[in-house]
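What follows is a set of notes on a single structure, which appears directly below.
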Amino acid sequence: MSPTPMLIESLVIMLIGMTIVFSFLLLLVGILRVMSWAALRISPIAIEPEPMPSSALVAAGGADAAPLAVIAAAIARYRADHAGSRR
Amino acid sequence: MSPTPMLIESLVIMLIGMTIVFSFLLLLVGILRVMSWAALRISPIAIEPEPMPSSALVAAGGADAAPLAVIAAAIARYRADHAGSRR
Amino acid sequence: MSPTPMLIESLVIMLIGMTIVFSFLLLLVGILRVMSWAALRISPIAIEPEPMPSSALVAAGGADAAPLAVIAAAIARYRADHAGSRR
Amino acid sequence: MDPLLKLWESMGIANMDFGQALMMAVGCLLIYLAIAKKFEPLLLVPIGFGAFLSNIPVADIGGPNGMTGMIYAVGVETGIFPLLIFMGVGALTDFGALIARPSTLLLGAAAQFGIFATLIGAVLLNFVPGFDFTLQDAAAIAIIGGADGPTAIFLASRLAPDLLGAIAVAAYSYMALVPIIQPPIMRALTTQAERRVVMQQLRPVSQLERILFPLVVLLLCALLLPSAAPLIGMLTFGNLLRECGVVERLSRAAQNEIINIVTIMLGLAIGSKLSADTFLSLQTLGILVLGALAFSIGTAAGVIMGKMMHRVTGGKVNPLIGAAGVSAVPMSARVVNRVGLEADHHNFLLMHAMGPNVAGVIGSAVAAGILLALTGN
Amino acid sequence: MDPLLKLWESMGIANMDFGQALMMAVGCLLIYLAIAKKFEPLLLVPIGFGAFLSNIPVADIGGPNGMTGMIYAVGVETGIFPLLIFMGVGALTDFGALIARPSTLLLGAAAQFGIFATLIGAVLLNFVPGFDFTLQDAAAIAIIGGADGPTAIFLASRLAPDLLGAIAVAAYSYMALVPIIQPPIMRALTTQAERRVVMQQLRPVSQLERILFPLVVLLLCALLLPSAAPLIGMLTFGNLLRECGVVERLSRAAQNEIINIVTIMLGLAIGSKLSADTFLSLQTLGILVLGALAFSIGTAAGVIMGKMMHRVTGGKVNPLIGAAGVSAVPMSARVVNRVGLEADHHNFLLMHAMGPNVAGVIGSAVAAGILLALTGN
Amino acid sequence: MDPLLKLWESMGIANMDFGQALMMAVGCLLIYLAIAKKFEPLLLVPIGFGAFLSNIPVADIGGPNGMTGMIYAVGVETGIFPLLIFMGVGALTDFGALIARPSTLLLGAAAQFGIFATLIGAVLLNFVPGFDFTLQDAAAIAIIGGADGPTAIFLASRLAPDLLGAIAVAAYSYMALVPIIQPPIMRALTTQAERRVVMQQLRPVSQLERILFPLVVLLLCALLLPSAAPLIGMLTFGNLLRECGVVERLSRAAQNEIINIVTIMLGLAIGSKLSADTFLSLQTLGILVLGALAFSIGTAAGVIMGKMMHRVTGGKVNPLIGAAGVSAVPMSARVVNRVGLEADHHNFLLMHAMGPNVAGVIGSAVAAGILLALTGN
Ligand code: NA
Ligand code: NA
Ligand code: NA
């Protein structure tokens, strides 16, 4: 394909693409709200009621080894620290 | 195949099948008896002489997550509990 | 191939083979010396300065289960024992 | 506009047919049963999810170039996945109770009657208009009565791949329903006195016996029924890894890494066989009915054999343990224990039911071998 | 002498061309960056080593009969490896912050602008002599802006396998450079007051919500954008395993065994695509420039959307968290936290940045689906 | 009756030939040696079981559609399995002792004489009627002298797949017999005074050296001997994962999950090559004799080189450590230690023998590369 029509096509893709991404995620926002509303009606008391404050978690940092595991670990640790009274 | 001869064939399979299953397992009963007799002659004192009484194991229950692992775990726990004096 | 020329060929392979093996590993000896010299200039204080004496390690023995793991385990244990003061 | 049309044509809602929507709902139902009702979640969560994924329109994830379709081709069509799971089952299973009391093998044998009776049942269904099972189909359906997931999947993948999805779902569902299906049958067929029988303690079993056991079983299988050799072979291999005491690493790998990884893959792959045209049919209904029949008949046959052993041994055997012969390890052994406790609060039958329970695993692998030898091509 | 000649002809130095030597150096450079600079070592150590191995002369390890070449064919060409990694990502990711505040999905949406702007950029590069990207190439390059390794690899393997090596290297390198690329952009686009905004604590999330979340996301994807279904499907499958609470074994397998094993294999396989003729070209330079552009634009778009949400909510949203929308989990969330702490030493934004961060993962999977639907054949 | 006949024809006893029965017995013997005599059980239990399974009549488990046959095709024919094991070996091996004293590489070089002497031996056997080894066969047999399982399997699968079963069995058996084969040779070739030499403590090794080591070894291999690159490449890759300190997850996967899973599969697959027609032959007897020869000559060559280094260094080197050059990690290092302790109860040579021991692994991978380059096609 020659560059110019390709440029037009890519502009169209950008337009459509961003529209779809936003529509999709906006729709998801709505659906998640409905889902949460329904879920909390079905099982009103949260099973894992940890509040997630802006807190000490950060010290965990250290940009390294297992990026994804870090979140998991940090949250797990956080839950463990704060869950004692409940579980 | 039309249903009727198939029915006859399946009846035959049932007959043969149950016969084989029973023969196979009956033979296995005999062979296991011989095997145990021989094994106990070769190494007369059982290496893992835990008796398996009808006991406390059951509390372990709770029909869940890893069905097969449960047996393994239950037995392992049982052995661990009762093995202290020997190992 | 008939045995005799094959014998000659295998003798040649032996000659070349042992020459290459020795050349390769001799070269490696030299390169490793240079590498170590350079590495110790770059990071002069060894990060893991455990001396490796001819010591108690041996009791670990018992020619079994996981041959390769044994070295790993033995060395790990050794390091663990001797590293307390440093790490 | 061209790309917009292209996009619309690529959308799910523009392409979804009713069957796909229904199958996605079936997938969700399986996930629901697995999570909320604890229906064999290790298999039914991946199967349900696989069904959902494979029925997404356009994506064709279950097709020959889709992910679950490719996993199916590599792992299920070849039979490798169920065999690896069976190896894990062997590595997780303690056959001690069976070695200590080999006669319980007969209970495991009797319970296989459920399989062969269901075979007849499936063939009889052909007289009903709308059903047209081949003998292979009937054999694959019958194996549900073995109450043993990997065996059912292995046999179905060999004899009736199209029915694999429905058969796997039925097998695992009924295994989960064992605590509901079995007790009434057990109570109906036994007297209160029989259910109260306290059994003798099992003798200890030496390590040598434990090591020889898998080899002996495999040898017998090799001599008499080679068609069962892949199944029995992997079961006994796993068990040998477990018991030989010198390959702890491998035993752990079989019990954990391998069985877990393969379970995920197997579940997704089975999901790819849950398509509307094969699952949403009268056949599936027939399979579900026959599956319930199979479990019930197997349970009854086991209990009746238990009653016979009760008589022959002069009352030493509690007939309830016969119900554990259907396998469904360890669910049915727990059911036996529970029903036993109802009759006598101090009578723990769990260890005694373990013998017939693991005997049932061997029994249905043997039955699978017979069906394969007699109906396979 | 014959064997000596045969040996000489089989030697590396007798066969090495300049490109191979350079690519082996590139492999070493990647390993150096991974180890010394902690550039995403989990991927870049295997990729770098794979590049070294695959460029060894004579051995042809990256060829169709070589090890890394075969692993590529089995795992990357089929798309299975990136999908399995995505399953692991799902099993490792806690979507709680997103469920608690769904509006952060919009930040994840805005940041995908980096992808589509880069698409234009790649097409524009074609006006420069020496560049000749197809639309598929451009789309595969654009996805670097998604800042999400498995998604980039999956899309590149579908649309532009030849560029896969360069794209994977660029994607992981820029993900590692997020702490350097993002802060100046974030500071330039926000005021001190905006950066000081303290956000409200997140509400607790129930287990039911956590279980429904993956199913809801997948359902929406199935209905609207089936081309994203493999990616979204495996992500949500992993997450369901994690959250459903009844398949602990499988969840651990997805989070550990599977993701670790596949990461090793995937890295080696990608290395096989780092050959001199495709990597040592003007194209790669273009890809690297475009990648930096993509990350920068994505960050800016996220922050600007953050500013809009700041205004609309009357100052409740700290615009910095928009930068986390590019994903690069969890690096960019940490960067947000750090920049936030610069402005106010008591303002921890990490948990708040987690929402847009994981939203970015979904966002770029959606974007990948769109690119696949519109440019794939 | 038709089905009865069909069943009888499908029975093992109706189809078993004498060779199969004998090979099943061989399988049992291997399992016995592995369990009772601790003969490398991690490999010999699966190999023995695989041999048993693959020789079950009718089932054809070792055939192209059988389980072990398919595993062989996927994992051994492609060379992937031995390479993955070698990666695990690299991840499990500490090369520190070698880095601290590189001169011990010469001991590892000398011990490879066992390989090349055996090559001559195998060719000489062709003068005995009944033997007809090709040069490829001879090379594959010779590698037994490398005392290194994965290397032997890799080379045999390339050069002489038919002999693979016998070669693997011989290699692992003799590795298990090292404590019996080596001591008499070591005692015969050394004086009591030599055996009493106390060696100097090894210097500490920095992490940087540990990280550079695998890269340096691979670079040299790439330049000089690319045919050894797959083996050396995976060994050094595993070692880099271990030492680089930033990919702990991957290092653990290589040391545990991958090596364990692959060991099970590899063992079963090798078993599929233990069929009567190839194993129950004069050739196998020849291979066993040559294997013993290979180990003995390798040991002697190592010890003699040790004596030379003893002299050159003015008595600083204990010649016994030369015996560890055959590799057989870590068995031969332990044997050295034991023989050393016999001479002086306070002289622990284990750490000193580790250098030549791991040097032997590299040495035989190099030798394998040479054989592949000179005899492969
Ligand atoms: Na059963
Ligand atoms: Na993203
Ligand atoms: Na060696």
Side-chain angles (χ1 to χ4, degrees), chain B residues 1-4 6-7 9-18 20-36 38-40 42-58 60-72 74-76 78, chain D residues 38 40-42 89 92-94 96-97 99-100 102-103 105-106 108-109 112-113 116-117 119-120 123-124 126-127 134-135 138 179 198-199 201-202 204-209 212-213 216-217 220 224-225 329-331 334 337 347-352 354 359 362-363 366-367 370-371 374-375:
Chain B
M1 213 184 306
S2 73
T4 317
M6 208 167 130
L7 184 61
E9 189 168 354
S10 64
L11 278 165
V12 171
I13 291 174
M14 178 167 92
L15 262 171
I16 298 178
M18 283 310 289
I20 307 273
V21 168
F22 263 103
S23 317
F24 189 99
L25 294 184
L26 255 175
L27 210 56
L28 192 54
V29 172
I31 296 175
L32 287 182
R33 291 237 162 98
V34 173
M35 178 199 91
S36 287
L40 294 172
I42 295 169
S43 60
I45 297 150
I47 294 165
E48 307 182 53
E50 61 281 79
M52 296 182 187
S54 325
S55 78
L57 253 174
V58 184
D64 47 28
L68 289 156
V70 169
I71 305 183
I75 290 170
Y78 177 77
Chain D
K38 306 269 191 304
E40 299 280 334
L42 289 176
V89 170
L92 283 163
T93 303
D94 180 335
I99 301 170
S103 57
L105 277 166
L106 296 182
Q112 307 317 317
F113 188 65
F116 295 103
L119 178 70
I120 309 282
V123 172
L124 281 176
N126 279 352
F127 289 99
T134 65
L135 199 58
V198 175
M199 293 182 69
Q201 278 203 4
L202 290 171
V205 172
S206 74
Q207 202 199 353
L208 181 58
E209 289 174 272
L212 289 177
F213 175 77
V216 159
V217 173
L220 192 64
L224 297 188
L225 201 59
V329 183
M331 200 72 92
R334 289 217 207 104
N337 192 64
N347 192 7
F348 294 91
L349 291 170
L350 189 66
M351 286 311 293
H352 302 289
M354 243 26 159
I362 298 176
V366 168
I370 295 166
L371 291 173
L374 295 183
T375 73

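Throughout, a chain's letter reflects where its sequence line sits, starting with A, and its residues are numbered from 1.
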Above 12 or not: heavy atoms from other molecules or residues under 6.0 Å from CZ of B:Phe24?
yes
Check B:Met18 against D:Ala109 and note the closest heavy-atom contact, atom names and distance.
CE-O, 3.6 Å
With the side chain counted from C-beta on, respond yes when B:Val21 and D:Phe116 share a heavy-atom pair under 4.5 Å apart, and no when they do not.
yes
Quick check: do B:Leu40 and D:Glu209 have side-chain heavy atoms less than 4.5 Å from each other?
yes
Roughly how far, to the nearest 0.5 Å, is CG of B:Leu26 from CG of D:Leu106?
5.0 Å
Heavy-atom closest pair (B:Val29 atom, D:Pro102 atom, distance to 0.1 Å) is CG2-O, 3.4 Å
Do you know the tightest heavy-atom contact between B:Leu7 and D:Phe127?
CD2-CE1, 4.3 Å
Scanning both residues in full, the closest heavy-atom pair of D:Ile99 with B:Ser36 reads CG2-OG, 3.9 Å
Taken to the nearest 0.5 Å, the spacing of D:Leu135 CG from B:Ile13 CD1 works out to 4.5 Å
From the list D:Leu220, D:Val366, D:Ile370, the residue making the most non-hydrogen contacts under 4.5 Å with chain B is D:Leu220
Only counting residues at least two apart or in another chain, list the ones meeting ring-ring contact (aromatic ring centres under 6.0 Å, His included) with D:Phe213.
D:Phe95
My understanding is that only residues two or more places apart in sequence, or in another chain, count here; which of them pass side-chain hydrogen bond (donor to acceptor under 3.5 Å, both in side chains) with D:Thr134?
D:Asp137
Interatomic distance, D:Leu212 atom CG to B:Ile31 atom CD1 [nearest 0.5 angstrom]
12.5 Å
